[in-house]
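Some notes on the structure that comes next.
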Amino acid sequence: MADLENSTDDSIIICEDVHKWFDDFHVLRGITTSFERAEKVVICGPSGSGKSTFIRTINRLETHQRGRIIVDGIELSDDLRNIERIRQEVGMVFQQFNLFPHLTVLENITLSPIWVKKTARSQAESEALALLERVGIEEHAHKLPAQISGGQQQRVAIARALAMQPRIMLFDEPTSALDPEMINEVLDVMRELAASGMTMLVVTHEMGFAREVADRIIFMDEGKIVEEAPPAVFFDNPQNERTQLFISQTLQH
Amino acid sequence: MKNRLPENVSEKIPFWRDIRVLRVLFQVIFLIGVVLLAGILYTNMLRGLRGLGLTLNLDFLNDEAGFGISEGIAYDPSDTYLKAFWVGVVNTVKVSIIGIACATILGLVVGIARLSSNWLVRNIAAIYIECFRNIPLLLQILFWYTTVILQLPSVRTSFTFFGSVFINQRGIYLPSPQPTSGMKIWLGCLAGGLIVAAILYLVRLRKLQQLEQPGFPAKWALPAFLLVALLGWFLTPGKPFTLELPALRGFNFGGGIHLSPEFSALLIGLVMYTGAFIAEVVRSGIQSVVRGQWEAARAIGLNEFQTLRLIVLPQAFRVIAPPLTSQYLNLTKNSSLAVAIGFPDLFNIGNTMMNQTGQSIPIFAMIMMSYLCISLTTSAYMNWYNRRINRIG
Ligand SMILES: Nc1ncnc2c1ncn2[C@@H]1O[C@H](COP(=O)(O)OP(=O)(O)O)[C@@H](O)[C@H]1O
Ligand SMILES: [Mg+2]
């Protein structure tokens, strides 16, 4: 069995033979890998290969049925307290932004500091404004999500996830729902975040971003990790033929 | 500038092609039509009445009603018809308000239960909903009345709870508080307690604002008030009020609060029936909130209850409000089925008045106007509430 040889003391996430079924559909078929602190990992692979499902098991939006996942020393199980702690450690950004439409941009960001961390409102608000400044949209703090563009909404979503001061950020195709001219403003924020030392797991089809930012690229197919390698090796000298096919198809457009 | 607009042809549009003129014209024609129709109906009605030897006036309302009414506000058969009608209005409003409150709570709980991840809870909710909304309400009210309440034990063998609540075939008897001479002193204590509580409330509110945390500003005020109230209760010579227990007097219970079998059956019927519809409204409202909202709320660490309260219900309410209003209106209008079990509501009393006076047209008009007023008030309140709660248009 593939063991945890590669996981070091510095591993912040350890996955060991993770399996998941949706009813009798076997989505994740034994995923074993680990992620270092401050590592940037891009996950790619064909649609339906289980990329979203995999990163969603890491903050337990999905449960796994076999194997173990340990995030920052906390084992993911049905223990409610562990789930609560994990959700504060791990921030997530969704393809569809999922901002709360009935709350202003600022309220979207301060909601969880105020209700979950019990931070004082004024402190939560000044921290939120600082985050908005960091993602470059402080002037829209008092608008509703519907009043700003898609790129701005996704940047608010990143700020909302950062407001809990997580150690790990998960991105599930953060630019796939955006108009082309807005993709870069979101990628820029992610580049800045990567430079700041955040541990990042990014599912994306932006291969330029992957080559530039990732420490490692994981290629998934049919619920398994088929290949994982640093970008230089992954793009220029892929070992697996499914990876070769995927890369040649993706880089064509 | 090369591309110039063609010369503005200021040709006048003939009025039969001018949209602005046509719009006004159609409205005028429509209005004339409505007025004509109403006029024809009115003169026709007057002619018919004259043929029957009746006139259209409301003088009869000041005549003595002469019939008894089984329950409601103070009334005597020697009172006027107008008073009798008013008794009916109050009874209808009473059963509607209590019914709406109970049906809302029942519907909210069942609607959320319907979506529970617990198999048993979810299916019990589903069975309740399907049973109660698919059986005619009239049947349900008659069922509660004849096969449940009237089949309860006789007065002498009532179901008894805590020695103070009695349920039997004559209805439900609850204890009622009766003030004594100590009441004034105790009320004084309560007023004092209220002042203390108000001060504490403000202090706590200020404190919360300083800490800037969400919280319950009455956290100190409420216990303080209860404490003063309790102290006053023990310090007052004699008890401020006594609970008047229903007691068997001769062949029946006296004292306490009495819910008649008719009122109970009507209320239970309306609440169970409307509650099932409200549960469906609540369920579909919650389901209208996309899954991504739940996921985003969980991902930032909110628990299930916070997610429901802060994220899902506020969004669901926008979808729930209009059908909820129409359920409230339905409950009010359906309360007229009271006539089937003899509860003296607006329609039932109006009916008796028509039989006695033969003044069916004005009485019908009065009944309709009353329902219309109640319904419009309900709608207006719901619209106001909806607007207040709703920030995104
Ligand atoms: N909630 C679900 N219920 C059943 N099947 C699901 C669910 N979510 C995803 N799937 C299935 O699991 C597979 C993997 O999905 P996903 O992880 O979203 O793939 P990817 O993100 O790589 O495109 C797909 O075939 C998808 O249809
Ligand atoms: Mg996906």
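Computed from a predicted model, the values in this text were never measured in an experiment. Proteins get letters first, then strands, A, B, ... in listed order; numbering begins at 1 in each.
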#### Entry: A/Asn98 side-chain N/O to B/Gly292 backbone N/O, donor-acceptor pair under 3.5 Å
yes
### Task
Check each atom of A/Arg85 against the heavy atoms of chain B and say whether the ones under 4.5 Å are side chain, backbone, both or neither.
neither
#### Entry: Where A/Phe94 and B/Ala296 come nearest, the two heavy atoms and their spacing
CE1-CA, 3.8 Å
### Query
Are any non-hydrogen side-chain atoms of A/Trp115 and B/Ile300 less than 4.5 angstrom apart?
no
### Summary
In terms of heavy-atom contacts, B/Gly301 and A/Arg87 come closest through CA-CB, 3.8 Å
### Message
Any heavy-atom pair between the side chains of A/Leu111 and B/Leu302 that's under 4.5 Å?
### Response
yes
### Task
Report the distance from atom CG of B/Asn303 to atom CG of A/Leu80, rounding to the nearest 0.5 Å.
9.0 Å
### Message
Is it true that, when you exclude A/Phe22 itself, more than 12 heavy atoms of the residues, nucleotides or ligands shown sit nearer than 6.0 Å to its CZ?
### Response
yes
### Query
What's the spacing between A/Leu103 CG and B/Leu310 CG if we round to 0.5 Å?
8.0 Å
### Atom CG of B/Leu372: over 12 foreign heavy atoms under 6.0 Å
yes
### Task
Measure A/Val93 against the heavy atoms of chain B and call it side chain, backbone, both or neither at under 4.5 Å.
neither
### Main-chain N/O of B/Val312 paired to A/His102 side chain as donor or acceptor, under 3.5 Å
no
## Note on the structure
Heaviest contributor of heavy-atom pairs below 4.5 Å to chain B, chosen from A/Leu61, A/Leu170, A/Asn59, A/Ile83, is A/Leu61
### Message
Atom CZ of residue position A/Arg191 - does it have more than 12 heavy atoms of other residues, nucleotides or ligands inside 6.0 Å?
### Response
yes
### Task
Identify the two heavy atoms, one from A/Met92 and one from B/Ala299, that lie closest to each other, and give their separation to 0.1 Å.
CB-CB, 4.2 Å
### Message
Given heavy-atom pairs under 4.5 angstrom as the criterion, report whether the side chain, backbone, both or neither of B/Glu295 touches chain A.
### Response
both
### Atom CZ of B/Arg122: over 12 foreign heavy atoms under 6.0 Å
yes
### Message
I'd like to check the side chain to side chain contact (heavy atoms under 4.5 Å, CB included) partners of B/Thr92; sequence neighbours left out, ordered by chain and number.
### Response
B/Ser96, B/Ser335, B/Asp345, B/Leu346, B/Tyr371, B/Ile374
